[in-house]
Amino acid sequence: MDKSYHPLDHHFTLPHVRRVEASRPLQWLRMGVDDMRANLAASLSYGLIFAVIGYLILHYATHMPYLFTAAISGFFLVGPMAAAGLYELSRRHGRGETVDFIGSWKGLKEHSDQLLYYGALLAFTLIGWERLSAILFALFYHDVAPDLSHFFRDVFLSGHYVHFVVSYLVVGGALAGLVFALSVVSVPMVLDRGTDVITAMMTSARAVGFNLGATAVWAALIVVLIGLGFATMMIGMVVLLPLVGHATWHAYKDLVE
């Protein structure tokens, strides 16, 4: 925890990033639980809102398998921005301040311009992924799309569409990995320091590069926890999304000096 990375190029004013142990994400989750307890009503309010929004989107895409899968994977892309209010709750809690749900939204106004830029970037990324998903379906899947209840069994598990599954996972995984690397600490850093989006994303990429083990564990935990939220028809998301959001704040505080 006491080792720091010092950028060689002094023309850049990027913060130093710390090296942490691969097991550190478990501590981020524990601290996230503490933040949830301290801001329970506000945290669960965020979880409920996004669970309802997610459920409505998935319900709309039920009869369009390509859109359904894109919506699930796209949730991971926009998640860092969706949790901005939760970062603000953790930030205020760390300063010994008490803030409610409305107050956390007001706290975002100070950095609304940079958050808007970042949100627009994620929105374009999500739209691009939706189009890529449609293209992959058109290129590699030529049958009539099965009912969604059998889609994953018939397409992803049957072994009849190996080229499609591999292409989908490779393209989607590469995009998700890039977004994760650029966003793991970006929004918390904007809120905490008022930095611009580009500086925050560059710092995020450095933090990931310097902590491949810890950030890989963190990414896996996010996938598992959010996946459980989807597996419970978004009910679990009411608790799991705030947990991940609060824990992400502590990831930022650990990784960036």
Side-chain angles (χ1 to χ4, degrees), residues 15 24-59 74-123 126 183-197 200 203-204 218 221-222 225-230 232-256:
R24 191 63 180 170
L26 298 176
Q27 181 62 26
W28 300 340
L29 288 175
R30 284 191 285 269
M31 291 187 287
V33 171
D34 292 338
D35 282 1
M36 277 191 65
R37 289 174 176 169
N39 302 275
L40 191 59
S43 297
L44 295 182
S45 295
Y46 277 108
L48 180 61
I49 289 172
F50 289 109
V52 170
I53 293 174
Y55 178 82
L56 293 175
I57 293 174
L58 294 181
H59 180 73
F75 194 91
F76 292 94
L77 301 182
V78 301
M81 187 65 192
L86 294 162
Y87 308 149
E88 179 66 7
L89 288 173
S90 287
R91 185 177 77 91
R92 296 289 190 90
H93 178 61
R95 293 165 55 178
E97 301 176 10
T98 301
V99 63
D100 57 13
F101 176 78
I102 301 299
S104 66
W105 272 101
K106 291 179 179 179
L108 302 180
K109 291 183 178 179
E110 183 179 350
H111 310 291
S112 58
D113 53 345
Q114 294 300 319
L115 293 177
L116 182 61
Y117 297 149
Y118 190 75
L121 176 62
L122 290 182
L126 181 59
S183 63
V184 66
V185 300
S186 295
V187 178
M189 184 173 170
V190 169
L191 293 176
D192 191 38
R193 307 182 185 214
T195 57
D196 63 274
V197 170
T203 303
S204 183
W218 182 226
L221 287 172
I222 292 174
L225 292 173
I226 300 302
L228 288 174
F230 282 113
T232 57
M233 296 301 294
M234 304 303 288
I235 295 175
M237 202 72 76
V238 176
V239 174
L240 295 173
L241 179 64
L243 173 61
V244 171
H246 287 304
T248 297
W249 171 261
H250 292 287
Y252 154 70
K253 296 298 285 185
D254 249 8
L255 294 173
V256 183

Using the test side chain to side chain contact (heavy atoms under 4.5 Å, CB included), find all partners of S204 that sit at least two apart in sequence or belong to another chain. V184, V185, S186
To the nearest 0.5 Å, atom CD1 of I57 lies from atom CZ of F50 at 10.5 Å
Listed by chain and number, what are the salt bridge (charged side-chain N to carboxylate O under 4.0 Å, His left out) partners of E110, not counting sequence neighbours? none
Could you give me the CA-CA distance, side-chain angles and deciding distance for W218 and T248, then say whether side-chain contact (heavy atoms from CB on, under 4.5 Å) is met? CA-CA 9 Å; W218 182 226; T248 297; 3.4 Å; yes
Side chain to side chain contact (heavy atoms under 4.5 Å, CB included) against D35, all qualifying residues, sequence neighbours excluded: S90, H93, H246, H250
Could you give the side-chain donor-acceptor pairs of residues 113-123 under 3.5 Å, partners two or more places apart or in another chain?
residue: Q114; atom: OE1; partner: V197; partner atom: N; Å: 2.9

By ring pair (Phe, Tyr, Trp, His ring centres under 6.0 Å) - contacts of F230 (at least two apart): F75
Could you tell me which non-hydrogen atom of A83 sits nearest to which non-hydrogen atom of G245, and how far apart they are? CB-CA, 4.1 Å
Considering residues at least two apart in sequence or located in another chain, which fulfil the side chain to side chain contact (heavy atoms under 4.5 Å, CB included) criterion with I102? D100, K106
Where do V239 and P242 come nearest, in terms of heavy atoms and distance? O-CD, 3.2 Å
Under a 3.5 Å threshold, yes or no: a donor from one side chain and an acceptor from the other, between Q27 and R30? yes
Pairing residues for R91 by the salt bridge (charged side-chain N to carboxylate O under 4.0 Å, His left out) criterion, not counting sequence neighbours: E88
Under the side chain to side chain donor-acceptor pair (under 3.5 Å) test, residues paired with H111 that sit two or more places apart: none
Checking D34 now: which residues fulfil side chain to side chain donor-acceptor pair (under 3.5 Å) with it, not counting sequence neighbours? none
Value rounded to 0.5 Å, distance of CD1 in I49 from CG in L241: 10.5 Å
Quick one, L86 and W249 - any side-chain contact, counting heavy atoms below 4.5 Å? no
Side chains of P15 and M189 in contact at under 4.5 Å (non-hydrogen atoms): yes
Between L191 and A84, what is the shortest heavy-atom contact and its length? CD1-O, 3.6 Å
Not counting sequence neighbours, which residues clear side chain to side chain donor-acceptor pair (under 3.5 Å) with Y252? List them please. D192, R193
Distance col, row M233:CE vs L58:CG, nearest 0.5 angstrom, shows 7.5 Å
With a 6.0 Å cut-off (strictly less than), is the heavy-atom count around CZ of F101, excluding the residue itself, greater than 12? yes
Pairing residues for W28 by the side chain to side chain donor-acceptor pair (under 3.5 Å) criterion, not counting sequence neighbours: D254
For the backbone of P80 and the side chain of Y87, can you confirm whether one donor and one acceptor N or O come within less than 3.5 Å of each other? yes
Check: L108 and W105 side chains under 4.5 Å, non-hydrogen atoms: yes
Pairwise side-chain contact, L221 with V244, heavy-atom cut-off 4.5 Å (strictly under): no
Side-chain heavy-atom pair L89, S43 within 4.5 angstrom cut-off: yes
What residues form a side chain to side chain contact (heavy atoms under 4.5 Å, CB included) with A51, not counting sequence neighbours? M234, M237, V238
Rounded to the nearest 0.5 angstrom, the CD1-CG distance for I222 and L240 is 12.0 Å
I'd like to check T203 versus T195 (side-chain heavy atoms, cut-off strictly below 4.5 Å). Are they in contact? no
